[in-house]
Amino acid sequence: MLTGFPGILGAWQPGIYPVAPSRMSNSGFTVNTQDRNDVVAFWHAVYQASEGYQQRVGWTGNYTGTPGTTSRAFINDVERRLNYFRAMCGVPANVRLNTDSTVVIDSEDPFRPAANTLKSAAAQQSALMLIRNYNPSTGTDPAITHNPLPSLVGWSPAAWNASAKGNFAFGLYGPGAITEYMVEALSTGSATSFWNTEVGHRRWCLYPLATDYATGDQPGSSGSRPPSNVLYVVPRADELLSNVVPTFVSYPSAGFFPAPINSPYWSLSRADADFSSATVKMTTEDGTPVPISNIKRSTGYGDPAIVWQVSGDAATRSIYSDTTYKIRVTGIAGEDIPTSHEYSVTLINPDRLTTSLLIVGPTKLAASKATTYSLNPPAAAESIQVTAYKRNPAPWKENAEKSTRPQIIDDTGSNYDLMVTTSSFAGFGTVSGFKAFHLTFPTSYDLIARGVPDQSFEIDRDIVPNSKAKIKFSYRRGFMTTTSYLVVETSSNDGVTWKSLGQPIRGLTNTAMSYNVTQASLSLPKSITPIRIRFRYYTTGGAIYTHEASPKSPTGIFIDDISTIGCEWLEQKKSNALPPTANQFVFSSSSAGAPLVKNSRWALRLRTKLGGKWFNGPVTPVTVTGP
């Protein structure tokens, strides 16, 4: 029996946020879920560190019979993601993946691989078997079972063993599969099984005594050959921890919890607990009852558990304001087991800080005098900056012909360019000049997004609209179906949420491109808070044109000559790095990055880094009124 693991230097601890590469460790995490900022930082430093795994998979197999292997970096991504969830739920977050551990063979197993077969090798074989037996024309796969038949393509005793003793996912892999094992419901609304409603995948992932897992992954190549994952979860007896004190394990976990990993199936488990007569009550923070359904009391799949289904706001994976739910489970039985358990869950948006980042001080000052402002950054801030902006009423225009780099943030696919020479598309012509900003769908099916990914670019300016403010631009439709749309959106909270301006621009026909250039003018809402503007291209379903299918054709929509009227914009002059514990900032010509002259108007903003992510505070306006 294992008695534990030694501590890992540099791993995440509450309030101690190691810098990269230390925070890229894969285990040894603890997090204080009662501290909102700790949860936010943990999300960005640890959960997000496993994103982009598709670039690191390094798969060496093929779909004709070679299971192959994946890179150690990719396995680390999976291990980190699994330990992230274990830490959030308060169980030991030191599990290892793809070690030299061999398969579990039980006396009743009808098929037995060689005793020295590694769990990782068995999981790879099982994952490949899942793909090779998929029939894209019918959407069926006889390999999706914990007892696959020997008649299946790619079957082997090792593949059978991993299927029998593992979680499996079809249509996703790597860290994405770990997340969906925990959520137990695809965000796309795909069908679920009884394993989802009894949260069997989740309970194996959170088994407190576990120390060793193995991941088998096939990255897939298209919608007709989707990816797969098999996570070997059943432990060997000699791999179990012996010193873990039994506790209640809930999901979502008590305290602050990121809404993007919320689930419609909430659960509470504990070793040796008897939930057969237990009942559950949920309320909002003010005591309003929350409807629950589909209550199940289950043994096996790790520790015993009670599971219930929620809907509506309680099941959301997208939220702006923190929302708290209170849970009370009563009627629990078992030796030395509490008969009831109460806790609260607060769903949060991890891209939003609720800590006040306001800079406090005079809004009017003299140019010749240094002025002190007060700050109150979070206690656990990794870094802080105060940025000085000059309010600039000068007009600006973003077009693709600019000799200098446009102030644009590109969030488009990697297989096409945002700025293109329109004459490179035969017969298309121009929008206004030789180049334009181009939005199109990169592919008809993205294996990570599990659908058609939205495409967007953002104007990299903080804009302050006055009354009667407008944004203007030129656009021309290429091959753009009637279910493809361009929308212009604004955000007043640094991109946490977005609002549409006017009506979306849709394709006119499914068969032809447009030869007309249209001039658009959309009203901007007056705001004292700086806003951001983005252009987003999306589909509501049905047929679409993609760059992948027609790289030499003008698919999508082309945009140019973007400008605003009736607006000011915040021209960044200088970012001043301060100690993370600083509580004052002195504003002068030196810290402004430009001379302070009478009647000039400025804006100050506190920026705070948590978990490697910068968060912007509100803007404090400053006017220079004297010499």
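Legend: residues meeting side-chain hydrogen bond (donor to acceptor under 3.5 Å, both in side chains) with Thr482, ordered by chain and number and at least two apart, are Asn510. The side chain to side chain contact (heavy atoms under 4.5 Å, CB included) check on Gln385 picks up Thr387, Ser575, Arg607, Trp614, with sequence neighbours excluded. A search for ring pair (Phe, Tyr, Trp, His ring centres under 6.0 Å) contacts involving Phe457 returns Phe437, Phe535, not counting sequence neighbours. Among residues two or more places apart in sequence or in another chain, the ring pair (Phe, Tyr, Trp, His ring centres under 6.0 Å) test is passed with Trp59 by Tyr63. For Ser550, there are no side-chain hydrogen bond (donor to acceptor under 3.5 Å, both in side chains) partners at least two apart in sequence or on another chain. The ring pair (Phe, Tyr, Trp, His ring centres under 6.0 Å) search around Tyr389 returns none, not counting sequence neighbours. Residues passing the ring pair (Phe, Tyr, Trp, His ring centres under 6.0 Å) test with Tyr47, sequence neighbours excluded: Trp43, Tyr84.
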Criterion side chain to side chain donor-acceptor pair (under 3.5 Å) on Tyr416 and Gln455, from CA distance to verdict: CA-CA 11 Å; Tyr416 74 98; Gln455 301 292 288; 2.8 Å; yes
Candidate pair Asn76 and Arg72, rule side chain to side chain donor-acceptor pair (under 3.5 Å), full reasoning: CA-CA 6 Å; Asn76 290 345; Arg72 186 65 238 183; 3.0 Å; yes
Side chain to side chain donor-acceptor pair (under 3.5 Å) assessment of Tyr320 paired with Arg352: CA-CA 8 Å; Tyr320 180 75; Arg352 176 174 176 256; 3.3 Å; yes
Gln519 and Ser474: CA distance, side-chain angles, deciding distance, side chain to side chain donor-acceptor pair (under 3.5 Å) verdict: CA-CA 5 Å; Gln519 309 298 323; Ser474 303; 2.7 Å; yes
Val487 and Ile505: CA distance, side-chain angles, deciding distance, side chain to side chain contact (heavy atoms under 4.5 Å, CB included) verdict: CA-CA 6 Å; Val487 65; Ile505 297 166; over 6 Å; no
Stepwise ring pair (Phe, Tyr, Trp, His ring centres under 6.0 Å) test for Phe615 and His44: CA-CA 12 Å; Phe615 294 86; His44 289 287; 5.7 Å; yes
Chi angles and distances behind the side chain to side chain contact (heavy atoms under 4.5 Å, CB included) call for Ile409, Asp411: CA-CA 6 Å; Ile409 299 173; Asp411 193 24; 5.6 Å; no
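Counted by atom type alone, Asn229 and Thr215 present one or more donor-acceptor pairs between their side chains at under 3.5 Å.
Residue pairs satisfying the salt bridge (charged side-chain N to carboxylate O under 4.0 Å, His left out) criterion with at least one member in residues 388-402, sequence neighbours excluded, are listed as follows: Arg391-Glu568, Glu398-Lys402, Glu398-Arg461. Identified under the salt bridge (charged side-chain N to carboxylate O under 4.0 Å, His left out) test for residues 528-538, with sequence neighbours left out: Asp454-Arg536, Glu458-Arg532, Asp460-Arg532, Asp462-Arg532, Glu489-Arg534, Glu489-Arg536. For residues 42-57, every residue pair satisfying the salt bridge (charged side-chain N to carboxylate O under 4.0 Å, His left out) rule, not counting sequence neighbours, is listed here: Glu51-Arg81, Arg56-Asp77.
A heavy-atom distance below 4.5 Å is not found between the side chains of Asn167 and Val230. For the pair Leu347/Asp322, no side-chain contact is recorded, criterion being any heavy-atom separation below 4.5 Å from C-beta on. Side-chain contact between Met419 and Pro406: present, with at least one pair of heavy atoms (C-beta onward) separated by less than 4.5 Å. Using a 4.5 Å heavy-atom cutoff, the side chains of Phe168 and Ser228 are not in contact.
More than 12 heavy atoms of other residues, nucleotides or ligands lie within 6.0 Å of CG in Asn415, so this atom counts as buried by the packing criterion.
Side-chain atoms of Arg80 never come within 3.5 Å of backbone atoms of Asn26 as a donor-acceptor pair (strictly under, hydrogens ignored). Side-chain N or O atoms of Arg202 include one that pairs as donor or acceptor with a backbone N or O of Met182 at under 3.5 Å. Between the side chain of Thr443 and the main chain of Asp446, no donor-acceptor pair closer than 3.5 Å is present.
A cation-pi arrangement, defined by a distance under 6.0 Å to the six-membered ring centre and an angle within 45 degrees of its axis, is absent between Arg225 and Tyr134.
The ring of Phe257 has its center closer than 6.0 angstrom to the ring center of Tyr251.
With salt bridges taken as basic N to acidic carboxylate O contacts below 4.0 Å, one links Arg450 and Glu180.
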Side-chain donor-acceptor contacts of residues 422-431 below 3.5 Å, not counting sequence neighbours, with atom names and distances?
residue	atom	partner	partner atom	Å
Thr422	OG1	Gly429	O	2.9
Thr422	OG1	Phe434	O	3.3
Ser424	OG	Thr421	O	2.6

Would you be so kind as to tabulate the donor-acceptor pairs closer than 3.5 Å made by side chains of residues 554-563, with sequence neighbours excluded?
residue	atom	partner	partner atom	Å
Thr555	OG1	Thr440	OG1	2.7
Asp560	OD1	Ala400	N	3.1
Asp560	OD2	Ser432	OG	2.9
Asp561	OD2	Ser432	OG	3.0

